[in-house]
Engineer: 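I'd like to ask some things about the structure below.
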Amino acid sequence: MKDLLDFSKLDRAQLEGMLETAVVMAGVLERPVKKVPALQGFTVCTAFFENSTRTRLSFELAARRMSADVVTFTAANSSTAKGESLKDTIQTLEAMKIDAFIVRHGASGAAHQVSRWTNAKVVNAGDGRRAHPTQALLDAYTLKQKFGSLEGLEVAIIGDVRHSRVARSNAELLPKLGAKVRLCGPATLLPAELEADGVTVTTDIGEALTGAHAVMALRLQLERMSAGYLPSLEEYRETYQVNAQRMGKARPDAVVLHPGPMNRDLEIESVLADSGRSLVLQQVANGLPVRMAVLYHLLVGKN
Amino acid sequence: MKLRISNATDMHGKSRDVLIENGVIVSSLSAAPDLEIDGAGLLVTPALIDPHAHLRSPGQEEKESLETGLQAAVAGGYGSVVCMPNTAPVIDTPEVVRALLERASQLGLARLLPAAAVTQGQQGKLLSDAAALKAAGAVMLTDDGRTNEDAGLLRRALIYAAALGLVVSVHAEDAGLRGDGVMNEGLVSETLGLPGNPVVAEAARIARDLEIVAATSGRLHVQHLSSARGLELVRGAKAQGVRVTCEVGPHHLTLTDSALESFDAIYKVAPPLRLQSDCDALLQGILDGTIDCIGTDHAPHTAAEKERDLLEAPFGIANIELCFPLLYTRFVHTGKLELTRLVELMTAGPAQLLDLPHPSLEVGAVADVTLFDLSSERRVDPSAFKSKARFGSPWAGEALRGWAVATIVGGRVVYDARA
């Protein structure tokens, strides 16, 4: 495997293989000495052109747990502010003998571009609205942990679907693992084009939640109001907040997910986020073994 | 300079000699020719006219210089090129127009036909000095590169330009509907997660501008149509006698939004590449006469600019060198389009738009003539472009026929592929 940019080129067996490796990695993290030499001698570079401390730390820790050397490149603003193209930036970093880039960028497709311009392995840590494959993998891992299998699961994803790489990656991944995805949000934030095999689209949150095994609330960026996608926070809260009352429509054992960071009491009710139904912290914890598995498959995997 | 082109074939398939003396086509030469070109097996046409190119002068010479731009033009078979005014500074004063014309005449390549800005600095606030610009040599008014958001100002510009006999050419996209779109809005943009620019941005703006021009004595030219719906609006207006013309570019006829699946900014262009059904409709618009001319919208950028991410990379494709071979190969060679119609769209069509004499090979016509080789294939090799944008092309590697062999402007050979 050269890259993990999205799931378009991966089949179910490969994806399940990665999730199985993650289980092994989770075992490593349970040991008193939480470190294996699997990636000793490899250098991993987190190249973050968009801020995300949490995702970056999760990747860096994952790499260090496998004994890789880790270097960090962060550019709060894009490199072009300094007059350097993305290609130049990546090739400059590659000249320092990087084995894998972990790329976060505000523009969709940036990880694909990086992959084209480097011989190193590339993991997409989130590109614009396009994809966030390790987030979707850790969501799948978390659901598998809870339900044993994803086969037949109904997963509702609620909120700003239009601008969400998390929604797109989950809509791509979960059906490949046998689950069904219901995308739901206000009409201006819900592209009908995302409907596909195993993916339905509805503006009716009641319909989306009814009989769902899992409900994922997406982060709502406050700029959606100023850009005229939504009239007000109050109206959003009234119509699309994932809360305990609305969860009554879901299955009794239904769980709540959120990719973080949460706007408490906006897209998700605070009480619900802290309740026994919430797997939010488990998602964060699972990010580590999942990212270890991804790096392992890319750098020392057989294929 | 006396020139004889012998045994070439014109677009009607007739074999003919073209004799040139003192920059004009003549019936016989006064003495032996200084240069004889064997036209056997070659197509001879009036030199092509591009009503829409970004030559980037003044001020953006890192993308293209007047010299490389005009070299690219003549290599593409063009004898005349309209250069867009979105430069630095903007072409909005007679001084800039005259300086450009002087520089172009020193270069002695294609004829430069400057378009001047409708508004000062293309700011959409104050009208530029249209009369003085015309007197200096500007051939049309346009704020291309930007959109005309103020409908009242466009209306007054059309009225004012009409009195001067100038056409106002528009980049028809509604800025609000376009938003931050970097590609066509639709299935592909939503799947790729790239901000979309919907067809309605073009269609709504065309509809508005057609209403405005219909209510004035002015003449509107709609640049680079990209959508079936935009075309349909122009077709309807023409049927009602509205004074409107329109153009289409080679990329909108041959590429679709799925090209963006490569995440290569080379395909980022404004207006965006749409669907195959739009390409098909635009070809239909060529066949039924709705489309008046081919404009390349040649828009070179530096490699570094096109190697930015998809949001930051600038819009535009360099294409002036391969426009004729591309359209010939894709449409004429495959039997979808008559050669005469393609030549008309690239010579008589633009000439009519610009109020230039009818391009012709008849005796007495200005000797702007191009020879094309329709029989041999050559692959597109961006590294061999005369344009500065040599880093790549959507059509790189494609085998095309119809490459220019020689371009003659005012009786002088300004491009000779055989040399």
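Proteins get letters first, then strands, A, B, ... in listed order; numbering begins at 1 in each.
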Engineer: Mark yes when over 12 heavy atoms from residues, nucleotides or ligands other than A:Asp197 sit less than 6.0 Å from its CG; otherwise mark no.
Structural biologist: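 Result for CG/A:Asp197: open.
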Engineer: Quick check against the 3.5 Å criterion: does A:Ser85 have a side-chain atom that pairs as donor or acceptor with the backbone of B:Glu305?
Structural biologist: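 Not a single qualifying donor-acceptor pair exists.
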Engineer: Where the side chain of A:Gln113 meets the backbone of B:Asp264, is there a donor-acceptor pair that is under 3.5 Å apart?
Structural biologist: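 Checking the backbone N and O of B:Asp264 against the side chain of A:Gln113, no donor-acceptor pair under 3.5 Å is found.
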Engineer: Side chain from CB out, backbone as N, CA, C, O: work out which of these in A:Arg116 comes under 4.5 Å of a heavy atom of chain B, or both, or neither.
Structural biologist: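 Contact with chain B is through the side chain of A:Arg116 alone.
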Engineer: How about B:Arg390: does its CZ atom have over 12 heavy atoms from other parts shown lying under 6.0 Å from it?
Structural biologist: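 Yes.
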Engineer: Within the supplied structure, the quantity of interest is the number of heavy atoms (other residues, nucleotides, ligands) at a distance under 6.0 Å from B:Lys386 NZ; does it exceed 12?
Structural biologist: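 No, because the 6.0 Å sphere around NZ of B:Lys386 holds 12 heavy atoms or fewer from other groups.
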Engineer: Using a strict threshold of under 4.0 Å (side-chain N to carboxylate O), is an ion pair present between B:Glu190 and A:Arg162?
Structural biologist: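 Yes, A:Arg162 and B:Glu190 are salt-bridged.
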Engineer: Would you compute the distance between atom OG of A:Ser108 and atom CG of B:Asp309 and round it to the nearest 0.5 angstrom?
Structural biologist: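 Those atoms lie 9.5 Å apart.
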Engineer: Does atom CD of B:Glu211 have more than 12 heavy-atom neighbours, drawn from other residues, nucleotides or ligands, at distances under 6.0 Å?
Structural biologist: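 12 or below, so no.
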Engineer: If you count the non-hydrogen atoms of other residues, nucleotides and ligands that lie under 6.0 Å from NZ in A:Lys180, is the total more than 12?
Structural biologist: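 Open.
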Engineer: Test your reading of the model: is there a side-chain donor-acceptor pair from A:Arg129 to the backbone of B:Leu192, 3.5 Å cut-off?
Structural biologist: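 No; judged by distance alone, with no hydrogens or angles, the pair does not exist.
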Engineer: Calculate, to the nearest 0.5 Å, the distance between atoms CD and CG belonging to B:Glu307 and A:Leu86 respectively.
Structural biologist: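 Between B:Glu307 CD and A:Leu86 CG, I get 9.0 Å after rounding to 0.5 Å.
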